[in-house]
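Written below as structure tokens is the structure these notes are about.
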Amino acid sequence: MYDVKPRFRIRGLFKYLVLYLLKDEPLHGYEVMQRVSKLLGEEYEPSPGIVYPTLQLLEDMDCVVSEKINRKTVYHITEKGRRILEEHKDKIDLLMQRIRAFKEFHAMVGPEFFPLMKELITSYNSLSEEEKERVRSTFRDFIRELRSILDKGDLDG
């Protein structure tokens, strides 16, 4: 029901991310999936149901061309694709900034944080009222401490 897996809000930006990956070298669909996963972190693995329709959309927009090489379809960015990428450079820069920040956050909290949150959400209803209150209290303290740190950072900046 609840998915606490790290997510990147890249809806609407995914096509630019694909163009960004294709700007340096041609790739086939599976390589695009691998590069996106490597860029965003191993927790995010784009599905073929996202990647291949995006590649088809980019091809329909004349931003990429494809060719068959050894039974694989390889995609090359076109000049129009490069222009589109340049026109949306600010979006790509912001996306890359968010990706870096998320990866730093993920490294900071450690790999157990997101699975622990998922476990908490899925088992919350089976906790006793006392345990639920301990969880609420822990989160209130956690939020208060984070707010204190962030507010202090705002004053220093």
Side-chain angles (χ1 to χ4, degrees), residues 1-25 27-61 63-64 75 77 81-82 84-157:
M1 183 175 175
Y2 296 102
D3 183 5
V4 197
K5 192 175 185 181
R7 290 193 184 272
F8 295 92
R9 302 291 179 214
I10 59 174
R11 181 173 288 145
L13 298 176
F14 193 74
K15 63 183 171 276
Y16 303 122
L17 181 59
V18 172
L19 287 174
Y20 176 83
L21 294 172
L22 291 172
K23 73 180 174 45
D24 295 325
E25 64 180 311
L27 302 169
H28 57 77
Y30 183 69
E31 287 174 318
V32 170
M33 287 188 285
Q34 289 177 314
R35 300 280 173 93
V36 169
S37 183
K38 183 177 179 184
L39 184 64
L40 299 180
E42 302 304 318
E43 294 79 16
Y44 181 82
E45 193 171 310
S47 71
I50 299 289
V51 172
Y52 289 102
T54 300
L55 288 166
Q56 184 60 57
L57 171 69
L58 290 170
E59 192 164 26
D60 293 346
M61 294 171 60
C63 293
V64 301
Y75 298 87
I77 192 169
R82 290 185 189 284
I84 297 283
L85 194 58
E86 186 58 34
E87 289 169 11
H88 297 279
K89 184 179 180 334
D90 57 333
K91 292 178 185 174
I92 290 293
D93 290 347
L94 181 60
L95 177 61
M96 299 309 287
Q97 179 183 7
R98 288 180 178 167
I99 289 169
R100 283 189 299 275
F102 186 84
K103 286 175 87 171
E104 289 173 18
F105 174 78
H106 193 267
M108 177 187 66
V109 298
E112 60 280 339
F113 180 79
F114 291 103
L116 180 63
M117 291 300 101
K118 183 176 183 177
E119 182 182 347
L120 175 62
I121 289 169
T122 57
S123 65
Y124 186 78
N125 287 333
S126 65
L127 298 176
S128 70
E129 284 306 313
E130 181 181 326
E131 291 167 326
K132 288 179 181 179
E133 182 50 40
R134 286 179 56 203
V135 169
R136 286 190 290 270
S137 176
T138 300
F139 273 107
R140 281 192 301 267
D141 293 345
F142 177 68
I143 291 167
R144 192 172 23 257
E145 182 66 20
L146 286 180
R147 177 53 47 210
S148 170
I149 292 167
L150 293 173
D151 289 346
K152 184 178 182 207
D154 287 343
L155 294 174
D156 293 342

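Starting from 1, each residue takes its place in the sequence as its number. The structure presented is a predicted model; accordingly, all values stated were derived computationally and were not measured. Note: hydrogens, waters and symmetry copies are ignored here, and every other heavy atom, side chains too, is used.
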Before giving the answer on salt bridge (Lys or Arg N to Asp or Glu O under 4.0 Å), spell out for Lys38 and Glu31 the whole-Å C-alpha distance, their side-chain angles and the decisive distance to 0.1 Å.
CA-CA 10 Å; Lys38 183 177 179 184; Glu31 287 174 318; over 6 Å; no
Is the shortest heavy-atom distance from the side chain of [X] to the side chain of [Y] under 4.5 Å?
X	Y	value
Ile149	Glu145	yes
Ser137	Glu133	yes
Asp93	Met96	no
Lys89	Ile92	no

Rounded to the nearest 0.5 Å, what's the gap from [atom1] on [X] to [atom2] on [Y]? Could you check?
X	Y	atom1	atom2	result
Asp141	Leu146	CG	CG	11.0 Å
Phe102	Met108	CZ	CE	10.5 Å
Leu55	Tyr75	CG	OH	5.0 Å
Thr54	Leu17	OG1	CG	9.5 Å
Lys91	Lys15	NZ	NZ	7.5 Å
Glu104	Ile99	CD	CD1	12.5 Å

Heavy-atom neighbours of Glu87 CD exceed 12 at 6.0 Å:
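Correct, the count exceeds 12.
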Measure up the Phe113 and Phe105 rings against each other and bin them: parallel (under 30°), tilted (30 to 60°), perpendicular (over 60°).
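Ring orientation, 0 to 90° scale: perpendicular.
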Ignoring hydrogens, what is the shortest heavy-atom contact between [X] and [Y]? Give both atom names and the distance.
X	Y	value
Ile84	Tyr16	CG2-CE2, 3.8 Å
Tyr52	Tyr30	OH-N, 3.3 Å
Pro46	Phe14	CB-CZ, 4.2 Å

Examine distances only and state if a side-chain atom of [X] and a backbone atom of [Y] form a donor-acceptor pair shorter than 3.5 Å.
X	Y	value
Thr138	Arg134	yes
Lys103	Leu39	yes
Arg82	Ile77	no
Ser128	Glu131	yes

Sorted by chain and residue number, the side chain to side chain contact (heavy atoms under 4.5 Å, CB included) partners of Val135 (sequence neighbours excluded) come out as Leu120, Tyr124, Leu127, Phe139
Applying salt bridge (Lys or Arg N to Asp or Glu O under 4.0 Å) to Glu25 and not counting sequence neighbours gives Arg35
Under a 3.5 Å threshold, yes or no: a donor from one side chain and an acceptor from the other, between Gln56 and Asp60?
yes
